[in-house]
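Please read the structure below before turning to the comments.
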There are 2 protein chains.
Amino acid sequence: MGTTQLESVPEPKYWHLKTVLSEALDHDFAVGEILPNERELAARFGVARATLRQALEQLELEGRLQRRRGVGTTVAPPRVGVAVGSARHSWPGESADGWEAVDAAEALPTAAVLKLLAAGSGSAASGSAASGSAVFAADQPVHTVRRTRVTEGQVVAAELLYVPAASVPGLSAIDAPAGPARARAVLRELQRLALDGQDRSVELGSARADDAKELDRLPGAPVLLVTTRYFTAGGTAAVSVATYRADTCRLTFGDEGVEITETRVAS
Amino acid sequence: MGTTQLESVPEPKYWHLKTVLSEALDHDFAVGEILPNERELAARFGVARATLRQALEQLELEGRLQRRRGVGTTVAPPRVGVAVGSARHSWPGESADGWEAVDAAEALPTAAVLKLLAAGSGSAASGSAASGSAVFAADQPVHTVRRTRVTEGQVVAAELLYVPAASVPGLSAIDAPAGPARARAVLRELQRLALDGQDRSVELGSARADDAKELDRLPGAPVLLVTTRYFTAGGTAAVSVATYRADTCRLTFGDEGVEITETRVAS
DNA sequence: AAGTGGTCTAGACCACCAA
DNA sequence: TGGTGGTCTAGACCACTTA
C-alpha cells in the first residue's frame, strides 16, 4: 500500500475494508461461494477481528453476505422482490400469495396493539362517536393469527394478525383446535366483512425472539416491519404486523404486475 | 436480581441489557432526555463498554435512541410517518410535498442505474422492439437531480433522480447554471411527458458518504432505500433512489389521507 | 472433534462538540 | 479543554454445525 496520501479526513478502517471487500465480491466471487473465515480475513487485511466483523456486518446488512454460525460466510444472492402492495384492498388470506396460516390463539391486547386499533380510519367521519371511545378495551380479548410467507423456498416473513373479538361476531363460535385449521377459520370469518380500506407503513426494526426463529435468524436481526390496518365501516377491524427479513428481501409496491427484476450488478 | 433461574438457554448479555434499557426508557425517561454516558452506563450494569454499546446500537436502530458524537445519547421522539405512496402516479416535484430541489448535473450512468432503466414496464407490450435493446447505452449521458425532503424541520430523505437525456427531448436546451434553479428546470421538462405508470420498492441499505452528510448521519448509517421507476409509453423515462433515515422515519403507504398517527406507547 | 461465527472483555486513542 | 460517542486492538470463551 505505501502511503498514497495521508488522508486529511481519515476514513475508518472498517469502512475502507467494506469497500475493498465489496469490490472483491463483485469481481472475484460467485453467488454461494464461501469466503475465508473471519480470523484469516482479519489477518490477511492486518486488522483485528472485531474490525473485520464491523465490515462484514455492514455487507450483511446490505444483503451482500450471509453468515451462519458453525458454517461460514457465503456470498448472498440478489435480494428477492416480494410484492407487498400489489393486491389492492383485500383481506389477508384472500389470494394465494405465498402466505401460509400457521396457528391462531386468543389473548389480551398489548398497549401497542390497542393503540393501533384505536386510531381511526381517515375515510370514516372523524369526530363521530364511533372513533376513539372504548370500543376496543384492554380487557377485551383479541384473536391472533400467525402466518408465514414463503418465497422461492425460503421463509421471508412472519406475520401476526390481531383481530379484536368485537370486530367479527362469528369469531366466538370457532371451535377448531389450535393449529393451521383454526387460523384459516379465523381468516374465513374475517373475510365475511366488507373491507372499506387499508393502510400500510414500513419501518426498520429488529426481530423479536419468536419471529427470529421463524425466519431462521438470530434475535435482533434487522427486519422490515410492515404494519397494515384493515378498515371496515365500523372502524379498524384488524391489524397485522409482518416481519420481513431485511437482509434478503426487497419489498415491492408495484401497480399490478409490474416488477423490478434485479438490482445488483458487477462493476 | 439474585438468581431467578439459571437460564438453560443463556440470553446474550447485550440482549438482556437492551430489554432492561428499553423498559427503563418507557417508564423513567422523557423524550429528549439525556442518558448517562456510555462509560457510566457500562459500569452501572457491570459490563464492558462494547457490550453496552451493542445494546445501544440496537435501540438506536429501532428508533428509540439518538446518539451524537461529542454530545451524548438522548431519548428519541417517536418516528415520523412520511407518506411515500399516497400520491398516485405523479412525476417528482408535481406537488409540494416536502421535497426541495437542490441541484442538477449531467453524468454517465453507472451500471446499476443502467440496469434499472433497462428493465421494461409491465404495462407496455412485452417482447416488442421497444424494450431491451440499446435505448439507454452506457455512453449516453444521464441528467441527475438532487432533492431533499424535509419533515417537521428535519431532513429525512435525500434523493437522486436519474433522467436519461434520451427520455426528454427538451432537456438539452436547459442552460440554467448549476443549483436549485437548474434542478427545477429539469423537473419541469420531465413533467411535460405523459406518465404511464410507476413502480416502487423498499429495501434496507447503508448511507453512502454523500447521502449521510445530507441526512446529518455517519456514513454507513442504516437507511431505507426507496427506488421508483417512472414509465411512459416509450419505456422507463426516469428512475429515482430516495434514501430515508431508517432511525427516524416510518414510510406510510396509506390510501389518500389515511394516516397512522403514533406507534410507540409506554408500558 | 474441529472449525465456524457470536459474545465479551479491558483497555487505548481519536474526532467532534460545547462551554 | 473536558467530555462525549466512534474506532480499534488482542485476546478469551461460547454456541453451533459438520464430519
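Chain letters run A, B, ... following the sequence lines, proteins first, then strands; residues in each count from 1.
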Output side-chain donor-acceptor pairs under 3.5 Å for residues 52-60 of chain B, partner residues at least two apart or in another chain, one line each.
unit_1	atom_1	unit_2	atom_2	d
B:R53	NH1	B:E38	OE1	3.2
B:R53	NH1	B:E38	OE2	3.0
B:Q58	OE1	A:S206	OG	3.4
B:Q58	OE1	B:K18	NZ	3.4
B:Q58	NE2	A:G220	O	3.4
B:E60	OE1	B:R67	NE	3.4
B:E60	OE2	B:R67	N	3.4

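Taking atom CG of residue A:L56 and atom C1' of nucleotide C:dG5, one finds them 10 Å apart after rounding to whole Å. Rounded to whole angstrom, the span from the CD atom of A:E57 across to the P atom of D:dG6 amounts to 15 Å. Rounded to whole angstrom, the span from the CD1 atom of B:I34 across to the P atom of D:dG3 amounts to 15 Å. The CG-P distance, from A:L41 to C:dG3, rounds to 17 Å in whole Å. A straight line from CZ of B:R67 to P of C:dC16 spans 17 Å, rounded to a whole angstrom.
Judged by distance alone, the side chain of A:D103 and the main-chain N or O of A:G179 form a donor-acceptor pair under 3.5 Å. For A:E40 (side chain) and A:N37 (main-chain N/O), no donor-acceptor pair under 3.5 Å exists by modelled atom type.
Scanning both residues, A:R69 and A:L218, for their nearest heavy atoms gives NH2-CD2, 4.3 Å. Of all heavy-atom pairs between A:L187 and A:P92, the closest is CD2-O, 3.9 Å. Taking all atoms of both residues into account, the shortest heavy-atom contact from B:R250 to A:S201 is CD-OG, 3.5 Å. Closest of all the heavy-atom pairs between B:V226 and B:R200 is CG1-CD, 3.7 Å. The heavy-atom pair separating A:A83 from A:T252 by the smallest distance is CA-OG1, 3.1 Å.
Relative to the side chain of B:E38, the nucleotides C:dG5, D:dT17, D:dG5 differ in distance, and D:dG5 lies closest.
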Distances for protein N or O near nucleotides 7-9 of chain D N or O, under 3.5 Å:
unit_1	atom_1	unit_2	atom_2	d
D:dT7	OP1	A:Y14	OH	2.9
D:dC8	OP1	A:K13	N	2.2
D:dC8	OP2	A:Y14	N	3.2
D:dT9	OP1	A:K13	NZ	2.9
D:dT9	OP2	A:A48	N	2.9
D:dT9	OP2	A:T51	OG1	2.4

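Distances shorter than 4.0 Å separate some side-chain N or O of B:N37 from OP1 or OP2 on D:dT4. Here A:T73 does not reach the OP1 or OP2 of C:dT4: none of its side-chain N or O atoms lies under 4.0 Å away.
Applying a 4.0 Å cut-off to non-hydrogen atoms, none of the residues of residues 207-217 of chain B approaches DNA chain D.
When heavy atoms are screened at a 4.0 angstrom cut-off, B:R68 is found touching the sugar-phosphate backbone but no base atom.
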Check against side-chain contact (heavy atoms from CB on, under 4.5 Å), A:R229 and A:L116
CA-CA 8 Å; A:R229 300 192 303 173; A:L116 280 171; 4.2 Å; yes
